[in-house]
Amino acid sequence: MQTDLLHNLNEEQLAAVTLPSQSALILAGAGSGKTRVLTTRIAWLIQTGQVSPAGIMAVTFTNKAAKEMLTRLSSMLPINTRGMWIGTFHGLCNRLLRTHYKDAALPQTFQILDSQDQLSLIKRMLKAANVDDEKYPAKALMYFINNAKEQGLRANRLEPNDPIERRMIELYELYEGQCQREGVVDFAELLLRSYELLARNGPLRHHYQMRFRHILVDEFQDTNDLQYNLLKLLAGHDEEGGGAIFAVGDDDQSIYAFRGANVGNMQAFEREFRVKNLIKLEQNYRSFGHILDSANYLIANNPKRLGKNLRTDAGQGEQVRVYEASSDLEEAQWIIEEAKSLMGEGVPRSEIAVLYRSNAQSRVIEHALFAAGIPYTVYGGLRYFQRAEVKHAIAYLQLMDNPHNDSAFLRVVNFPTRGIGARSIEQLQMAADSYGISLYAAVPYMTGKAGSVLGSFVKLIEGARFETQQLPLPELVRVVLERSTLLDYYQKEKEGAERIENLEQMVNAATQFVQEEGFGIAAPAHLGPPSLPQAGEAIVLDDGVEVLDGGAPLPSVMSPLSAFLTHASLEAGDAQAQAGQDAMQLMTVHSAKGLEFDAVFITGLEEGLFPHESSARELDGVDEERRLMYVAITRARRRLYMSFTQQRMLHGQTRFNMKSRFFDELPEESIKWLSPRVQTNWFAGRKSQTAWDDTEFRNGTDNRIAQQITQKSAAGNGAGWRVGETVAHAKFGEGVIVNIEGGAGAARAQINFGAAGMKVLDLSVAKLERVGR
DNA sequence: GCTTGCAGCCTTTTT
DNA sequence: GGCTGCAAGC
């Protein structure tokens with residue numbers, strides 16, 4: 001088995017896997033065996049004795065990817081992978097901070113806020129500080145804070161440009177204080193704290209630099225600046241004797257710039273680490289020729305690429321089938337017809353995927369599938385650990401582990417109701433504020449009825465904690481579910497059955513967690529898995545304090561409860577649970593990344609939707625949309641469908657979109673148009689247009705901008721102007737009327753002037769001319 | 001303290 | 001169109 005390690009690799013893959021111990025960049029195209037190269041590289045390094053399992057760190061972006069890597073690795077090598085540093089950025093940072101919590105100035109039981117928690121903490125804070133939430137919306141502040149953190153900036157290092165920003169910075173500072181008091185940490189904080197810990201603590205940094213000789217990074221194009229800097233620190237980039245970084249990525253699949261990912265990190269890495277070996281994996285093992293040609297043609301329209309062309313030995317295969325529907329309903333109907341015939345040809349339902357740009361598009365398709373009685377799964381719904389009832393139960397557990405978590409306190413102090421109203425909480429909040437302590441700690445200062453009711457809540461928590469001290473985690477969870485009366489509460493609810501089920505599922509989740517992480521296994525967990533070199537090596541820090549090396553498995557640094565709570569925040573529980581059911585797959589293009597299917601439908605290929613209208617406003621926005629389209633195309637193995645529609649209901653309005661510009665960027669010979677030449681009588685006065693006849697796109701002034709025409713009954717409105725009509729304005733040039741509002745006489749028109757932007761003009765004042773077409 | 005109704009929201013997503 | 005969050009009313 002082990003000798004076969006390098007057997008089935010192609011030349012490029014082999015070269016990448018067996019590179020010398022230097023930093024390297026692997027440009028891995030879609031379907032080129034990227035994960036395979038990563039895992040084989042790790043196995044090869046270990047097998048050839050270049051490094052021990054403890055000397056490897058491998059970072060991914062999702063838990064799923066990390067799990068996949070671990071599974072494949074253990075099938076390649078007879079080693080116990082538990083305790084190896086393979087995980088997500090956040091997971092590994094958590095591990096580091098748990099081990100060195102004192103040096104990171106965190107309480108031992110610090111808890112992790114997910115985005116929901118973070119937002120509600122900010123809202124609560126803004127309210128308490130009497131901040132005008134019109135002027136400083138919680139979401140905007142959250143965005144501001146996360147953004148700053150992702151650039152490695154604390155409040156005291158930010159320079160305000162205006163009074164608003166000055167206030168934002170103050171609020172950022174206030175937020176940090178609140179988190180510190182509560183002993184909670186948001187996602188970005190996990191990374192920033194880790195970065196600061198290593199940056200400030202020389203011996204600790206040095207220790208990890210010496211330990212991790214090989215750092216492997218998956219999806220490198222998705223790293224943000226903070227992550228990149230953390231990697232630089234760990235690899236000892238500026239210092240002597242640093243380790244090697246093996247970065248794998250694909251600039252063409254960078255689709256997360258909107259959340260801070262910086263593709264530029266790839267070039268920066270190449271430059272800063274003086275990468276000698278840039279290897280391209282261009283052999284594709286997934287798709288047939290016409291599909292790959294389409295992807296290659298399309299992406300060639302992007303400037304600023306590192307450059308790469310996928311090829312296949314599989315032959316041309318079938319052409320890409322394109323369909324123009326008359327409406328979104330009809331588009332859905334067509335998908336079903338085609339899917340049925342695919343199933344008739346023996347394609348399993350789970351091998352048929354329907355992709356769309358935004359979640360809102362799924363509804364119509366779901367309706368149609370439901371009516372047709374075809375089983376389907378929608379990805380991207382509410383995840384297990386985010387469900388309200390589960391969050392409630394988690395909050396009880398959080399309070400037992402860290403009572404100063406105010407968010408958890410507020411969530412359940414009166415749920416199920418126990419007569420603690422808004423007024424009591426207000427008083428409690430005041431007491432807490434005046435002493436600068438948590439709500440929980442402030443309870444003893446309360447008097448009267450409120451005092452006694454709150455007191456009994458505290459007793460409930462303390463009692464549960466005492467009672468469960470010696471119990472294994474799953475038992476503990478069960479006891480808490482009962483003592484909190486959550487189960488009773490939902491038993492009485494009419495619609496509570498599913499919630500009860502979810503709560504009981506928590507006991508199972510705890511059982512599974514304990515098994516997987518090795519809590520409560522007969523052999524003392526702190527000794528680590530047998531095949532791993534002793535990971536709990538002691539490090540002596542500056543202050544003479546000895547700490548364990550962070551490579552120690554979780555059971556030696558955390559209580560089962562703390563660890564379980566961490567797991568709940570870091571791993572939203574992708575328990576889509578419907579596994580086993582053979583169902584068609586519905587998802588956004590974003591969530592399809594990394595997956596593949598025999599047949600793929602890319603739907604809603606319309607200007608304004610895909611590329612999305614908001615992308616026009618962003619720098620290089622359309623390029624990112626094109627990469628998104630590239631990702632979508634390369635999901636398909638054998639058959640690819642694309643569709644667009646003349647008319648679509650979105651946000652309660654009917655929109656008439658042009659077909660996507662991306663169609664113009666595909667190779668003609670790879671495309672097969674399925675729809676007949678449909679006459680599209682959008683509105684009188686406009687030449688009817690054939691769907692795929694490009695001449696109008698190419699010759700028109702710029703019809704691409706003339707999108708999204710909102711249908712309104714324009715008749716009788718504003719001096720006979722019609723929605724959709726092309727007009728000319730002395731200053732703004734040519735534009736298309738997008739909307740008309742107000743009655744006759746006081747009518748205004750919203751007009752898209754393309755380059756000059758969207759304007760609202762008063763029709764009785766503006767001098768407009770009709771442009772005959 | 002709970003239910004009801006209305007205004008405002010709406011790109012993509014993981015941790 | 002449909003969901004969420006908040007305020008008014010019972």
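For the numbers below, each heavy atom of this structure counts, side chains included, while hydrogens, waters and symmetry mates do not.
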For A:Met142, the option from A:Ile122, A:Leu121, A:Asp186 that meets side-chain contact (heavy atoms from CB on, under 4.5 Å):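 Single pass found, and it is A:Ile122.
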Pairs touching residues 251-262 of chain A that satisfy salt bridge (Lys or Arg N to Asp or Glu O under 4.0 Å), sequence neighbours left out: A:Asp252-A:Arg305, A:Asp252-A:Lys308
A:His90 and A:Phe187 aromatic ring geometry - parallel, tilted or perpendicular at 30°/60° bounds: perpendicular
Geometric class of the A:Phe258/A:Tyr256 ring pair [parallel <30°, tilted 30-60°, perpendicular >60°]: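 Correct class here is tilted.
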Residues touching DNA chain B, which here means a heavy atom under 4.0 Å, drawn from residues 252-266 of chain A: A:Tyr256, A:Phe258, A:Arg259
Strand-adjacent residues in residues 185-196 of chain A, judged by heavy atoms under 4.0 Å from DNA chain B: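 When residues 185-196 of chain A is checked for heavy atoms under 4.0 Å from DNA chain B, the hits, listed by number, are A:Phe187.
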Under 3.5 Å, is there a donor-acceptor pair between the side chain of [X] and the main chain of [Y]?
{"X": "A:Thr88", "Y": "A:Gly91", "value": "yes"}
{"X": "A:Glu625", "Y": "A:His612", "value": "yes"}
{"X": "A:Arg98", "Y": "A:Phe110", "value": "yes"}

Among B:dT15, B:dT13, B:dT11, the one nearest A:Ser591 by side-chain distance: B:dT13
Distance-only side-chain donor-acceptor flag, A:Asn265 / A:Thr223, under 3.5 Å: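 Looking only at side-chain atoms, A:Thr223 and A:Asn265 do form a donor-acceptor pair, the distance falling under 3.5 Å.
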Flag for A:Tyr630-A:Gln253: side-chain donor and acceptor within less than 3.5 Å: no
Rounded to whole angstroms, how far apart are [atom1] on [X] and [atom2] on [N]?
{"X": "A:Leu628", "N": "B:dT12", "atom1": "CG", "atom2": "P", "result": "11 Å"}
{"X": "A:Met629", "N": "B:dT12", "atom1": "CE", "atom2": "P", "result": "18 Å"}
{"X": "A:Asp222", "N": "B:dT14", "atom1": "CG", "atom2": "P", "result": "12 Å"}
{"X": "A:Glu571", "N": "B:dT14", "atom1": "CD", "atom2": "C1'", "result": "12 Å"}
{"X": "A:Glu150", "N": "B:dT13", "atom1": "CD", "atom2": "P", "result": "17 Å"}
{"X": "A:Arg648", "N": "B:dC10", "atom1": "CZ", "atom2": "P", "result": "20 Å"}
{"X": "A:Gln653", "N": "B:dC9", "atom1": "CD", "atom2": "C1'", "result": "14 Å"}
{"X": "A:Tyr489", "N": "B:dG1", "atom1": "OH", "atom2": "P", "result": "13 Å"}

Which donor-acceptor pairs under 3.5 Å do the side chains of residues 409-423 of chain A make with protein atoms, sequence neighbours left out?
{"from": "A:Asn414", "atom 1": "OD1", "to": "A:Arg418", "atom 2": "N", "distance (Å)": "2.8"}
{"from": "A:Asn414", "atom 1": "OD1", "to": "A:Gly419", "atom 2": "N", "distance (Å)": "3.3"}
{"from": "A:Asn414", "atom 1": "OD1", "to": "A:Ile420", "atom 2": "N", "distance (Å)": "3.2"}
{"from": "A:Asn414", "atom 1": "ND2", "to": "A:Ile420", "atom 2": "O", "distance (Å)": "3.0"}
{"from": "A:Arg418", "atom 1": "NH1", "to": "A:Tyr396", "atom 2": "OH", "distance (Å)": "3.4"}
{"from": "A:Arg418", "atom 1": "NH1", "to": "A:Val412", "atom 2": "O", "distance (Å)": "2.8"}
{"from": "A:Arg418", "atom 1": "NH1", "to": "A:Val413", "atom 2": "O", "distance (Å)": "2.9"}
{"from": "A:Arg418", "atom 1": "NH2", "to": "A:Tyr396", "atom 2": "OH", "distance (Å)": "2.9"}

Pairwise 5' ranking along DNA chain B for A:Thr62 and A:Ser358, keeping only the more 5' one: A:Ser358
First of A:Gly421 and A:Glu624 reached from the 5' end of DNA chain B, by closest nucleotide: A:Gly421
Would you say [X] places a side-chain N or O within less than 4.0 Å of OP1 or OP2 belonging to [N]?
{"X": "A:Asn63", "N": "B:dT15", "result": "yes"}
{"X": "A:Arg383", "N": "B:dT13", "result": "no"}
{"X": "A:Asn359", "N": "B:dT13", "result": "yes"}

If you measure from [atom1] on [X] to [atom2] on [Y], what distance do you get to the nearest 0.5 Å?
{"X": "A:Thr485", "Y": "A:Lys492", "atom1": "OG1", "atom2": "NZ", "answer": "7.5 Å"}
{"X": "A:Leu454", "Y": "A:Ile425", "atom1": "CG", "atom2": "CD1", "answer": "6.0 Å"}
{"X": "A:Asn302", "Y": "A:Glu624", "atom1": "CG", "atom2": "CD", "answer": "10.0 Å"}

Could you check whether [X] gets within reach of a base, just the sugar-phosphate, or nothing at all, counting any heavy atom under 4.0 Å?
{"X": "A:Leu355", "answer": "nothing"}
{"X": "A:Glu618", "answer": "base"}
{"X": "A:Ser614", "answer": "base"}

Whether A:His612 stacks on the six-membered ring of B:dT11 base, 5.5 Å and 30° limits: yes
Stepwise side chain to side chain contact (heavy atoms under 4.5 Å, CB included) check, A:Phe610 with A:Val589: CA-CA 10 Å; A:Phe610 200 176; A:Val589 181; 3.9 Å; yes
Grab the N/O contacts between the protein and nucleotides 2-7 of chain B below 3.5 Å, and write none if there aren't any.
{"from": "B:dC2", "atom 1": "OP1", "to": "A:Thr417", "atom 2": "OG1", "distance (Å)": "2.8"}

Donor-acceptor pair (no angle test) under 3.5 Å: A:Ser115 side chain, B:dT15 base: yes
Check against side-chain hydrogen bond (donor to acceptor under 3.5 Å, both in side chains), A:Gln180 and A:Gln178: CA-CA 5 Å; A:Gln180 193 64 31; A:Gln178 184 66 31; over 6 Å; no
Chi class for B:dT11: syn within 90° of 0, otherwise anti: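 It is syn.
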Base versus backbone protein contacts along nucleotides 1-10 of chain C [heavy-atom cut-off under 4.0 Å; B, S, -]: BS--------
